[in-house]
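A quick write-up on the structure given underneath.
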Amino acid sequence: MNKILKNIAFLLGIGMMFVSCGTSLAGSNSGSLVEDRSSGVVMTFTILIVVLILVISLIFVVSKKIVAYKNSPEHLEKQKKRPTTQKDLSEVARLANLTKKERELLWNICKTRKTPNIVYFVKESEEVEKLLKDEYSAISQIGNDELVATLFSLRTKLLRTFKQALVIRNTKVIENGTVFTFTQSKGFHHKLKLTDTNADNMIFTLPKALVESSDMPEALSKISLVFEDKDYNPYEIETRVVRYEDARDDEKRMITVHTDKVIPLKKRQAERIDVQQPCTFYSVKKLEDKNNKEHVQYDVSEKEHEGTLEDVSMGGCRVITTLPIKAEQLLSIKGPMDKKDMDSAIGIIVRTTKRIDNKFILHVKFVKIDLAVKNKIQAVACGYSE
């Protein structure tokens, strides 16, 4: 805008100069035809300059009004409420790096569910979750596992790209009902539920396994706890135990102080389900086709072993066992992956941890799992299915 004003002032100066010259020539009264012709040309040019200045000035005023309108709350609200266009979708797809299938699914959702301008809508994370959850309920009945998987990958990209997560800096803002993990002895992960909170303290309900173990921290001692917020962002806090108290139904509670020592941790690649159910597992041999290395088959042993299935995601799980199985071994695991149905998956042990009770934690990464099973796990982990 400043540049336009400078150009207008420059042209106005030139115009005034020609007007002055024209007036001087016209006032010579010499009667020469050349002078008359020259004076006419100057006056015509001056008029053109003045007209040009007026046009530019008008454009400046109009453009300024347009910019002001586009920045007005009325225009912004109108843009938010209008239907989504292909141009809007292209902008969201570019920012979220959507695949062709993800983009097509999002466009279909916007059309069928009459979603308002997706450019603004994706920033409302709760509304996005509700929209995708409703869509999941519809397409899960069709039995199209690939479409369900596309929905979950679309969800991940939209939330990671557009959701503006608030960083927790003090425990006073943590919601009641949040589950914390306490690890005292290597391999033992105790789940503590935040029952209540006040201006000074946090009150946790303790699991029986912790109360009956030797892992109970002493009063006035410092402890570290890990939790995830509602957006699955993990944090570690350092707090101090104030005291213990007995509650009804034979529960025991732990009271700790609030703290501002809240440290963000690296977010997991996939949401997890807090499972602790019996499972069976079998050793597996990998059979490769020499002529086609991409074609891999797995030979599952018939010998069955018992274990406990924990902490399941669509990418892996933990298995508790008495067997000291080393890393890099393949297992076929059968258990309630989504807390309900008995499903199976083949995975490789990436790490083995020995606990003080001589049991072993097998940290397993899935290498072969049916798409339908992955979808069921993800549906429960995201709260789309109970």
Side-chain angles (χ1 to χ4, degrees), residues 125-126 129 159-160 163-277 308 310-313 317-318 320 339 353 355-357 361 363 380-383 386:
S125 56
E126 291 185 4
E129 282 280 40
L159 294 180
R160 287 185 178 177
K163 188 165 188 175
Q164 299 176 349
L166 296 175
V167 179
I168 296 176
R169 303 188 185 280
N170 191 288
T171 55
K172 290 183 179 181
V173 300
I174 301 175
E175 297 180 357
N176 290 341
T178 301
V179 176
F180 289 71
T181 301
F182 172 64
T183 304
Q184 181 86 313
S185 299
K186 190 175 181 180
F188 283 95
H189 306 289
H190 303 285
K191 303 295 182 180
L192 286 62
K193 187 176 181 180
L194 182 61
T195 307
D196 198 4
T197 184
N198 55 45
D200 300 314
N201 303 118
M202 294 182 288
I203 303 172
F204 296 92
T205 299
L206 304 181
K208 277 189 176 182
L210 175 59
V211 175
E212 296 172 356
S213 72
S214 59
D215 279 347
M216 285 275 287
E218 295 182 3
L220 303 182
S221 65
K222 287 184 178 181
I223 61 170
S224 294
L225 302 172
V226 175
F227 75 98
E228 289 185 348
D229 64 14
K230 61 181 181 180
D231 299 324
Y232 306 104
N233 297 305
Y235 293 86
E236 181 178 11
I237 70 169
E238 184 180 302
T239 183
R240 186 182 296 275
V241 179
V242 178
R243 66 180 186 278
Y244 293 95
E245 63 181 28
D246 293 326
R248 58 184 181 182
D249 300 328
D250 297 326
E251 287 184 347
K252 199 172 190 66
R253 292 180 178 177
M254 179 177 71
I255 292 85
T256 70
V257 296
H258 280 297
T259 178
D260 56 3
K261 292 183 179 180
V262 183
I263 305 167
L265 302 177
K266 186 178 180 181
K267 190 171 183 176
R268 290 170 171 173
Q269 292 185 345
E271 294 84 356
R272 292 177 177 262
I273 307 174
D274 183 19
V275 179
Q276 197 167 30
Q277 297 288 338
T308 302
E310 289 187 345
D311 205 22
V312 181
S313 76
C317 67
R318 290 202 306 257
I320 312 300
K339 288 188 174 182
T353 304
R355 301 196 317 194
I356 60 172
D357 62 352
I361 304 175
H363 303 265
V380 174
C382 295
E386 296 181 357

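For the single chain, residues carry numbers from 1 onward in sequence order.
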Enter the distance from [X]:[atom1] to [Y]:[atom2] here, rounded to the nearest 0.5 Å.
| X | Y | atom1 | atom2 | result |
| --- | --- | --- | --- | --- |
| Asp311 | Arg318 | CG | CZ | 4.5 Å |
| Ile356 | Ser213 | CD1 | OG | 8.0 Å |
| Arg240 | Ile255 | CZ | CD1 | 15.5 Å |
| Glu236 | Ile263 | CD | CD1 | 5.5 Å |

Taking side chain as C-beta onward, heavy atoms only, is [X] less than 4.5 Å from [Y]?
| X | Y | value |
| --- | --- | --- |
| Glu218 | Val241 | no |
| Arg169 | Val262 | no |
| Leu206 | Met216 | yes |
| Ile223 | Thr239 | yes |

Nearest heavy atoms of [X] and [Y], plus distance in Å:
| X | Y | value |
| --- | --- | --- |
| Gly383 | Tyr232 | N-OH, 4.5 Å |
| Asn170 | Lys172 | OD1-N, 2.9 Å |
| Thr197 | Met202 | OG1-CG, 4.2 Å |

Q: Kindly indicate, with the supporting measurements, whether the criterion side-chain contact (heavy atoms from CB on, under 4.5 Å) is fulfilled by Asp246 and Lys252.
A: CA-CA 5 Å; Asp246 293 326; Lys252 199 172 190 66; 3.2 Å; yes
Verify, without hydrogens or angle tests, whether [X] (side chain) and [Y] (backbone) share a donor-acceptor contact under 3.5 angstrom.
| X | Y | answer |
| --- | --- | --- |
| Arg253 | Ile203 | no |
| Thr171 | His258 | no |
| Thr259 | Glu238 | yes |
| Arg272 | Ser313 | no |

Q | Residues forming a ring-ring contact (aromatic ring centres under 6.0 Å, His included) with Phe227, sequence neighbours excluded | A |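 Phe227: ring-ring contact (aromatic ring centres under 6.0 Å, His included) contacts with Phe180, Tyr235.
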Q: Check step by step if side-chain contact (heavy atoms from CB on, under 4.5 Å) holds for Ile320 and Gln276.
A: CA-CA 10 Å; Ile320 312 300; Gln276 197 167 30; over 6 Å; no
Do other residues, nucleotides or ligands put more than 12 heavy atoms under 6.0 Å from the [atom1] atom of [X]?
| X | atom1 | result |
| --- | --- | --- |
| Asn198 | CG | yes |
| Arg243 | CZ | no |
| Glu245 | CD | yes |

Can you list, pair by pair, the side-chain donor-acceptor contacts under 3.5 Å of residues 184-195, counting residues two or more places apart and other chains?
{"residue": "Ser185", "atom": "OG", "partner": "Asp215", "partner atom": "OD1", "Å": "2.5"}
{"residue": "His189", "atom": "ND1", "partner": "Thr183", "partner atom": "OG1", "Å": "3.0"}
{"residue": "His190", "atom": "NE2", "partner": "Asp215", "partner atom": "OD2", "Å": "3.1"}
{"residue": "Lys191", "atom": "NZ", "partner": "Thr181", "partner atom": "OG1", "Å": "3.0"}
{"residue": "Thr195", "atom": "OG1", "partner": "Lys193", "partner atom": "O", "Å": "3.4"}
{"residue": "Thr195", "atom": "OG1", "partner": "Thr205", "partner atom": "N", "Å": "3.4"}
{"residue": "Thr195", "atom": "OG1", "partner": "Thr205", "partner atom": "OG1", "Å": "2.3"}

Q) Between Glu310 and Ile361, does a side-chain contact (heavy atoms from CB on, under 4.5 Å) hold up when you go through it step by step? A) CA-CA 10 Å; Glu310 289 187 345; Ile361 304 175; 5.7 Å; no
Q. Can you name the side-chain contact (heavy atoms from CB on, under 4.5 Å) partners of Glu175, sequence neighbours left out?
A.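 If we apply the side-chain contact (heavy atoms from CB on, under 4.5 Å) test to Glu175, skipping adjacent residues, the hits are Thr178, Lys230.
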